[in-house]
Amino acid sequence: MKTSLIASAALLALVPFGVMAQERTLTVSVYAFAQDDFKTLVYDPFEQQCGCKLVVETGNSVERLAKLEANKTNPVVDMAIVSMADALSASRKGLIDKIDTAKLTNFDKLYDLAKDPNSDGMSVGYTFYATSIAYRSDKMKIESWADLLKPEYVGHVAFPNVTTNQGPPALYMLGLALGKDTTDLKGPIEAVGEKKNDIVTFYEKSSQLVQLMQQEEIWAAPIGRFSWAGFTKLDVPVAWATPKEGQTGGMNVMVVTKGSKNQDLALQFMDFWLSTDIQTKLAEKLIDSPANKDVKVSEAAANNLTYGEDTAKSLKLIPSAAALDNRDAWLKEWNAKVGQ
């Protein structure tokens, strides 16, 4: 018996402590974008710091929100990365919890618009982007969003389809320029509909725009700042517009799943992601524009990001409630006035 106990003790001594102890696991749901870089810059360093295992699930917004809802009574995801509007949708369905920002040491470093994007305490912004107009500066001058519909310009414009992330924000800013400051977007959709036969294309993917501009099929298009880098590499002069009505854009946020048994670990990961060090590394790699106002980047990186306090203060984002409550009506109006 004594020999057996000694042998067992010897075997246990060979087993690493981390295997003996129950390893903590955090499951996060994210966009599929740039996952190799996120693994190197965010996921692996966090695992090393926390001594835990990170399980990363990817997919599109619809799939990932559906999974949260399907597992509402027994959550299998602890934390999710979603858009502002999707965060509000998840909140309305009772899928996420209020965030204890007192546990986020980097919370006070965030730009104001990222601290509580939906004004309900249920999300924290980690990156945002501007939406404006990329245009051929040798062919045209853009001082207002309404300039896109000028007779001399409209035949050289690509406009985002209403079903894309850039569509509603661009329409909203066009509405402001036309004196129609309403989130039903009826005014700007009607204005675009009147010019639909002149507009070159209603694009679905911004990746097609660089080639169209290189080939001089288009001179201008509303785009998100994350798409800007491709235009800067063209051998034709392209500028980023600063219209008098301002710029719009979007924001991605972090949420904690309601009923998660790992909320403290989720908050620890959130805080890690929001740190000046991590946000700087992601910004320098041109992956995410920083929501942390202490981040300083090179001039080259800044030119390809939505960067700086003045820019953050200037963004006019469509409220999430307006986006959720009007989405079906936008599509119906678009189909009626502009078509597929």
Side-chain angles (χ1 to χ4, degrees), residues 31 33-34 42 81-88 99 101 104-134 142 145 165-166 168-170 172-173 176-177 181 183 206 222-229 231-232 239-255 270-323:
Y31 296 108
F33 169 74
V42 185
I81 298 297
V82 295
S83 69
M84 276 176 57
D86 284 342
L88 182 59
I99 294 175
T101 57
L104 302 177
T105 63
N106 293 296
F107 182 74
D108 288 339
K109 297 178 182 179
L110 300 178
Y111 292 111
D112 287 344
L113 83 167
K115 290 180 176 178
D116 187 9
N118 289 324
S119 302
D120 59 1
M122 307 293 275
S123 62
V124 173
Y126 70 93
T127 188
F128 50 83
Y129 62 84
T131 291
S132 190
I133 303 163
I142 296 291
W145 284 83
N165 287 336
Q166 304 310 306
Y172 178 62
M173 296 308 294
L176 289 181
D181 185 6
T183 54
S206 58
I223 63 167
R225 188 70 178 187
F226 52 81
S227 300
W228 173 241
F231 291 89
T232 65
W240 179 267
T242 53
K244 61 185 180 182
E245 298 85 15
Q247 301 179 55
T248 181
M251 184 183 306
N252 289 337
V253 303
M254 301 173 170
V255 298
M270 240 185 235
D271 202 34
F272 181 80
W273 199 324
L274 295 173
S275 69
T276 305
D277 178 53
I278 296 302
Q279 290 253 307
T280 299
K281 289 176 179 176
L282 291 171
E284 284 290 356
K285 287 280 285 185
L286 305 183
I287 296 168
D288 279 335
S289 294
N292 183 321
K293 60 188 176 185
D294 288 352
V295 170
K296 306 297 180 188
V297 298
S298 65
E299 184 177 352
N303 288 338
N304 289 292
L305 296 168
T306 301
Y307 177 74
E309 188 166 5
D310 289 343
T311 300
K313 288 180 177 179
S314 73
L315 298 183
K316 297 176 180 177
L317 308 183
I318 295 180
S320 295

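When reading the values below, keep in mind they use all heavy atoms of this one structure, side chains included, and skip hydrogens, waters and symmetry mates. Sequence positions, counted from 1, serve as the residue numbers for this chain.
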Exercise. Shortest non-hydrogen contact from I99 to V255?
Worked result: CD1-CA, 4.5 Å
Exercise. Could you walk me through whether F128 and L317 pass the side chain to side chain contact (heavy atoms under 4.5 Å, CB included) check?
Worked result: CA-CA 10 Å; F128 50 83; L317 308 183; 5.8 Å; no
For this session: Give a yes or no on whether the backbone of T105 and the side-chain of D271 come within a donor-acceptor separation of less than 3.5 Å.
Result: yes
For this session: Please name the residue in the list D181, T131, T183 that meets the side-chain hydrogen bond (donor to acceptor under 3.5 Å, both in side chains) test with Y172.
Result: D181
Problem set entry | S320 side chain reached by M84 side chain, heavy atoms, under 4.5 Å | yes
Exercise. Does the side chain to side chain contact (heavy atoms under 4.5 Å, CB included) test come out yes or no for L110 and V124, once each step is laid out?
Worked result: CA-CA 9 Å; L110 300 178; V124 173; 3.4 Å; yes
For this session: Please report the shortest heavy-atom distance between D116 and G121, naming the atom on each side.
Result: OD1-N, 2.8 Å
Exercise. Say you draw a straight line from CD1 of I133 to OG1 of T242; how long is it, rounded to the nearest 0.5 Å?
Worked result: 10.0 Å
Seminar exercise, completed: Interatomic distance, CZ@R225 vs OG@S289, rounded to 0.5 Å, equals 8.0 Å
Seminar exercise, completed: Between T280 and T276 the two heavy atoms that sit nearest each other are OG1-O, 2.6 Å
Exercise. Closest approach of S123 and P117, non-hydrogen atoms and distance?
Worked result: O-CD, 3.4 Å
For this session: Over all heavy atoms of both residues, which pair between N118 and A87 is shortest? Give the atoms and the distance, please.
Result: ND2-CB, 3.9 Å
Problem set entry | Side-chain touch T232/N303, heavy atoms, less than 4.5 angstrom | no
For this session: Please name the pair of heavy atoms, one in A114 and one in A291, separated by the smallest distance, quoted to 0.1 Å.
Result: CB-CB, 4.0 Å
For this session: State the CG-CG distance between L274 and N106, to the nearest 0.5 angstrom.
Result: 6.5 Å
For this session: Quick one: pull up CG in N165 and OG in S83 and give me the separation to the nearest 0.5 Å.
Result: 7.5 Å
Problem set entry | Under-4.0 Å salt bridge between K115 and D112 | yes
For this session: Output, in order, the C-alpha distance, side-chain angles, deciding distance and verdict of side chain to side chain contact (heavy atoms under 4.5 Å, CB included) for T127 and F226.
Result: CA-CA 11 Å; T127 188; F226 52 81; over 6 Å; no
Exercise. With side chains defined as the heavy atoms from C-beta onward, is the minimum distance between L315 and T306 less than 4.5 Å?
Worked result: yes
Exercise. If you measure from CG on D288 to CD1 on I278, what distance do you get to the nearest 0.5 Å?
Worked result: 12.0 Å
Problem set entry | Pairwise distance CG(D277) to CG(D294) - rounded to 0.5 angstrom | 12.5 Å
Problem set entry | Donor-acceptor contact below 3.5 Å, side chain Y307 vs main chain A301 | no
For this session: Say whether, by atom type as modelled, one donor and one acceptor occur between the side chain of T101 and the main chain of L104 under 3.5 angstrom.
Result: no
For this session: Begin from the C-alpha positions of Y126 and M270 and carry the test side chain to side chain contact (heavy atoms under 4.5 Å, CB included) through to its verdict.
Result: CA-CA 9 Å; Y126 70 93; M270 240 185 235; over 6 Å; no
Validation: residues 245-254 side-chain donor-acceptor distances under 3.5 Å, sequence neighbours left out:
residue, atom, partner, partner atom, Å
E245, OE1, W145, N, 3.1
E245, OE2, S144, OG, 2.7
Q247, OE1, W240, NE1, 3.0
T248, OG1, K316, O, 2.8

